[in-house]
Asks: 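My questions all concern the structure below.
Being a predicted model, the structure only gives us computed values, none of them experimental.
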Amino acid sequence: MTPQKTGRGIGKWPETERPRERLLREGAESLSDAQLLAILLRVGRQEASAVKVGMEVLDRVGGIFGLLHCSAEELCAIPGVGPAKAAQLKAAVEVGKRAVSAPLTTGTRISSSADLFKHYHARLRDLRHEIFAVVLLDAKNQVIRDVTISEGSLTLSIVHPREVFIPAMRASAAGVIFLHNHPSGDPTPSQEDRVLTARLVSAGSLLGIQVLDHLIVGDGRYVSFADQGWLNGEGARV
């Protein structure tokens, strides 16, 4: 019987089987998901090692990616996971998300929709609500900054051209790129998305601010209005 099944604490396991020691010796990639969680949890509960608790966490939330969506309260409901451990797990998830979504810093040059997706995918894909943001660019297509315009369901009244272009005018932006996410994971534009984009493109034209793209981010994929040729009025059509 392996140490994992006996219920003994990890401290009593052979050193070659302890997750922390294995990580230091063989690298983090050599550990299973449950073993990685065990390092974060540090200790288990009576008659259950940290690895066992880690396995129960994964089973309860639906695997390692389930940690992205579950709340701290849901984690606290798992035996052996209290507020402190739940906070550790959520903090680790957030660190991972930020590590793979390096922010666009001032001066970064945008050359393709893939550049945008690379920087914003991890930040947007796991949100349970929609957000609409605008990336402000100078005449060389270099980032000035990004601004979140609204959070919640996108409607023509919430995402108003005035709210979108005021930050652009204040920053003397030459161009803008719109970004928003679909919590469903499917980035296919809705009719509302298309109408909103056409309205914003028209407003930008009147102000002399070019709309370079509207990127809709889903789960592992995206739709670029620029790549599809939808920024010339076609975006408003079904």
Side-chain angles (χ1 to χ4, degrees), residues 1-103 117-131 133 148 150-153 179-187 216-222:
M1 182 175 291
T2 65
Q4 181 178 309
K5 294 181 180 179
T6 64
R8 291 188 294 162
I10 289 176
K12 297 180 180 179
W13 293 13
E15 194 166 312
T16 55
E17 296 294 329
R18 299 175 193 171
R20 186 182 301 135
E21 284 74 6
R22 279 196 60 194
L23 183 147
L24 295 174
R25 185 177 65 252
E26 303 173 24
E29 63 277 2
S30 68
L31 273 60
S32 68
D33 293 345
Q35 290 168 333
L36 289 171
L37 292 188
I39 293 175
L40 295 171
L41 294 169
R42 298 182 57 202
V43 295
R45 63 176 189 272
Q46 188 175 8
E47 299 302 322
S49 69
V51 172
K52 174 63 174 173
V53 175
M55 293 174 64
E56 293 175 2
V57 169
L58 294 171
D59 182 64
R60 185 75 66 90
V61 304
I64 196 72
F65 289 106
L67 289 171
L68 296 168
H69 304 287
C70 70
S71 66
E73 291 75 15
E74 290 170 322
L75 289 171
C76 286
I78 301 171
V81 181
K85 293 179 181 178
Q88 289 168 198
L89 292 176
K90 294 302 291 182
V93 169
E94 185 60 27
V95 167
K97 287 171 61 178
R98 296 186 186 189
V100 298
S101 59
F117 182 69
K118 173 184 175 182
H119 286 284
Y120 285 97
H121 178 224
R123 170 179 161 185
L124 297 178
R125 68 179 179 185
D126 301 312
L127 296 177
R128 294 183 176 180
H129 60 280
E130 290 188 53
I131 72 166
T148 297
S150 70
E151 299 191 27
S153 298
L179 291 161
H180 89 271
N181 64 305
H182 279 181
S184 67
D186 180 0
I216 302 179
V217 176
D219 187 4
R221 53 202 175 108
Y222 68 93

Asks: Are the side chain of Asp219 and the backbone N or O of Ser184 linked by a donor-acceptor pair below 3.5 Å?
Replies: no
Asks: Quick one: does Ile131's side chain get under 4.5 Å of His180's, heavy atoms only?
Replies: no
Asks: Atom CZ of Arg123 and atom CG of Leu179: how far apart are they, to the nearest 0.5 Å?
Replies: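 Rounded to the nearest 0.5 Å, the CZ-CG separation comes to 8.0 Å.
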Asks: Search all heavy atoms of Tyr222 against all heavy atoms of Val217 and return the closest pair with its distance.
Replies: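 Nearest pair, atom of Tyr222 first, then Val217: CB-CA, 4.3 Å.
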Asks: Could you please spell out the steps behind the side chain to side chain contact (heavy atoms under 4.5 Å, CB included) verdict for Leu37 and Val53?
Replies: CA-CA 9 Å; Leu37 292 188; Val53 175; over 6 Å; no
Asks: Going through the checks in order, is the side chain to side chain contact (heavy atoms under 4.5 Å, CB included) test met by Lys90 and Leu67?
Replies: CA-CA 8 Å; Lys90 294 302 291 182; Leu67 289 171; 6.0 Å; no
Asks: For Pro79 and Arg60, which heavy atoms make the closest approach, and how far apart are they?
Replies: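 For Pro79 and Arg60, the tightest heavy-atom pair comes out as CD-NH2, 3.8 Å.
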Asks: Rounded to the nearest 0.5 Å, what's the gap from CG on Leu23 to CZ on Arg18? Could you check?
Replies: 14.5 Å
Asks: Taking Gln35 for its side chain and Pro19 for its backbone only, find out whether a donor-acceptor pair lies under 3.5 Å.
Replies: no
Asks: Using 0.5 Å steps for rounding, measure from the NE2 atom of His121 to the CG atom of Asn181.
Replies: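 The CG atom of Asn181 is 10.5 Å from NE2 of His121, to the nearest 0.5 Å.
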Asks: Can you confirm whether Leu75 sits close enough to Lys85 that some side-chain heavy atom of one is under 4.5 Å from a side-chain heavy atom of the other?
Replies: no
Asks: Tell me, do Glu151 and Glu130 make a side-chain contact under 4.5 Å, heavy atoms counted?
Replies: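 No, their side chains stay 4.5 Å or more apart.
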Asks: Do you know which two heavy atoms are closest between Leu58 and Ala34, and how far apart they sit?
Replies: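 So the two residues come closest at CD1-N, 3.6 Å.
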Asks: Check whether any side-chain heavy atom of Asp186 sits under 4.5 Å from a side-chain heavy atom of Arg221, and report yes or no.
Replies: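 Yes. Closest side-chain heavy atoms under 4.5 Å.
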Asks: Do Arg22 side-chain atoms and Leu31 backbone N/O form a donor-acceptor pair below 3.5 Å?
Replies: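 The answer is no, because no donor-acceptor pair under 3.5 Å joins these two groups.
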Asks: If you measure from CD1 on Ile64 to CG on Asp33, what distance do you get to the nearest 0.5 Å?
Replies: 4.5 Å
Asks: Is a donor on one side and an acceptor on the other found under 3.5 Å between the side chain of Glu94 and the backbone of Ala91?
Replies: no
Asks: Just so I know, are the side chains of Leu41 and Leu89 near enough to count as touching, which here means a heavy-atom distance under 4.5 Å?
Replies: yes
Asks: For Val61 and Glu74, run side chain to side chain contact (heavy atoms under 4.5 Å, CB included): C-alpha distance rounded to whole Å, both residues' side-chain angles, the deciding distance at 0.1 Å, then the answer.
Replies: CA-CA 8 Å; Val61 304; Glu74 290 170 322; over 6 Å; no
Asks: Taking all non-hydrogen atoms of both residues, which atom of Ala86 and which atom of Ala72 are closest, and how far apart?
Replies: CB-O, 3.8 Å
